[in-house]
Amino acid sequence: MQDLIRRLLIELGENPDREGLARTPARVEQALRFLTGGYDANIDEVLNDALFTVDYNEMVIVKDIDFYSLCEHHLLPFFGKCHVAYIPRKRVIGLSKIPRLVDVFARRLQIQERMTNEIAETIREKVDPLGVAVVCEGTHLCMSMRGVEKQNSFAITSAMLGAFRDSARTRMEFLELIKVRGLTTTSMVPSPGLACVSD
């Protein structure tokens, strides 16, 4: 990987031997391996059997989970907040495991739409709740640094499964509790299409 990064620096018109860049290939490799560490993660090891039988069937929400990811189209960062809710059927999951699960999927080359779905589907599969809701709001540097260059825009994606999809009241309660900027019950999913692809 370091050889590739060195060649990239040359293609960009830089001198990879100058003082400021001499160790850049090693630093970039280390950073990329960390930022894409989700590929090596084992979901069952991340959850570590932190599932507990509890007589509780009300909404559980973990909100404002910071995430940082790399857009798979331009390898530029996108980052923001993720809000996760579920309604237990028989079991609850340790609260700290939900941010860890978000990190697993964020630390891959991603698009926000897929990341949102992957988080929701994994919770549905592993916890078997009555419903799962995930909302992510992200700022994409591929839109603010290049392309349309809109610095104040952000993307909102949602995945509503089970009770959150079937019950408008449950969905509205979740959205009211997380109070995501710009999100209403009638605009839970952004317009189709990937904003950064055609630029």
So which atom in [X] and which in [Y] form the shortest heavy-atom distance, rounded to 0.1 Å?
{"X": "Lys126", "Y": "Ile43", "result": "CE-CG2, 3.8 Å"}
{"X": "Thr170", "Y": "Ala163", "result": "CB-O, 4.0 Å"}
{"X": "Leu109", "Y": "Tyr39", "result": "N-OH, 3.1 Å"}
{"X": "Pro129", "Y": "Arg89", "result": "O-NH2, 3.1 Å"}
{"X": "Thr116", "Y": "Cys136", "result": "OG1-SG, 3.6 Å"}
{"X": "Phe164", "Y": "Met59", "result": "CE2-CE, 3.9 Å"}

Applying a strict under-4.5 Å side-chain criterion to I, L, V, M, F, W and Y, I'd like to know whether [X] and [Y] cluster together.
{"X": "Tyr68", "Y": "Val46", "value": "no"}
{"X": "Leu8", "Y": "Leu4", "value": "no"}
{"X": "Ile98", "Y": "Tyr56", "value": "yes"}
{"X": "Leu101", "Y": "Val134", "value": "yes"}
{"X": "Ile5", "Y": "Leu35", "value": "yes"}

With a 4.5 Å limit on heavy-atom distance, are the side chains of [X] and [Y] in contact?
{"X": "Cys142", "Y": "His73", "value": "no"}
{"X": "Lys97", "Y": "Asn48", "value": "yes"}
{"X": "Val54", "Y": "Pro88", "value": "no"}
{"X": "Arg6", "Y": "Asp17", "value": "yes"}
{"X": "Val104", "Y": "Glu118", "value": "no"}
{"X": "Pro16", "Y": "Thr24", "value": "no"}
{"X": "Lys81", "Y": "Lys63", "value": "no"}
{"X": "Thr53", "Y": "Arg91", "value": "yes"}

With rounding to the nearest 0.5 Å, note down the distance linking [atom1] in [X] to [atom2] in [Y].
{"X": "Asp44", "Y": "Asp49", "atom1": "CG", "atom2": "CG", "answer": "8.0 Å"}
{"X": "Gln2", "Y": "Gln30", "atom1": "CD", "atom2": "CD", "answer": "10.0 Å"}
{"X": "Leu161", "Y": "Asp166", "atom1": "CG", "atom2": "CG", "answer": "9.5 Å"}
{"X": "Phe105", "Y": "Cys82", "atom1": "CZ", "atom2": "SG", "answer": "11.0 Å"}
{"X": "Lys90", "Y": "Leu130", "atom1": "NZ", "atom2": "CG", "answer": "10.5 Å"}
{"X": "Glu72", "Y": "Thr36", "atom1": "CD", "atom2": "OG1", "answer": "13.0 Å"}

Any chance CZ of Arg114 has more than 12 other-residue heavy atoms, nucleotides or ligands included, within less than 6.0 Å? yes
For Leu177, is the CG atom crowded, meaning more than 12 foreign heavy atoms sit under 6.0 Å from it? yes
For residues Ser69 and Gln110, is any side-chain donor paired with an opposing acceptor at under 3.5 Å? no
Less than 4.0 Å between a side-chain N and a carboxylate O, is that true for Asp40 and Arg108? no
Steps toward salt bridge (charged side-chain N to carboxylate O under 4.0 Å, His left out) verdict (Glu11, Arg7): CA-CA 6 Å; Glu11 290 294 326; Arg7 286 169 50 197; over 6 Å; no
The residue among Val92, Ile61, Val62 that forms side-chain contact (heavy atoms from CB on, under 4.5 Å) with Tyr86 is Val92
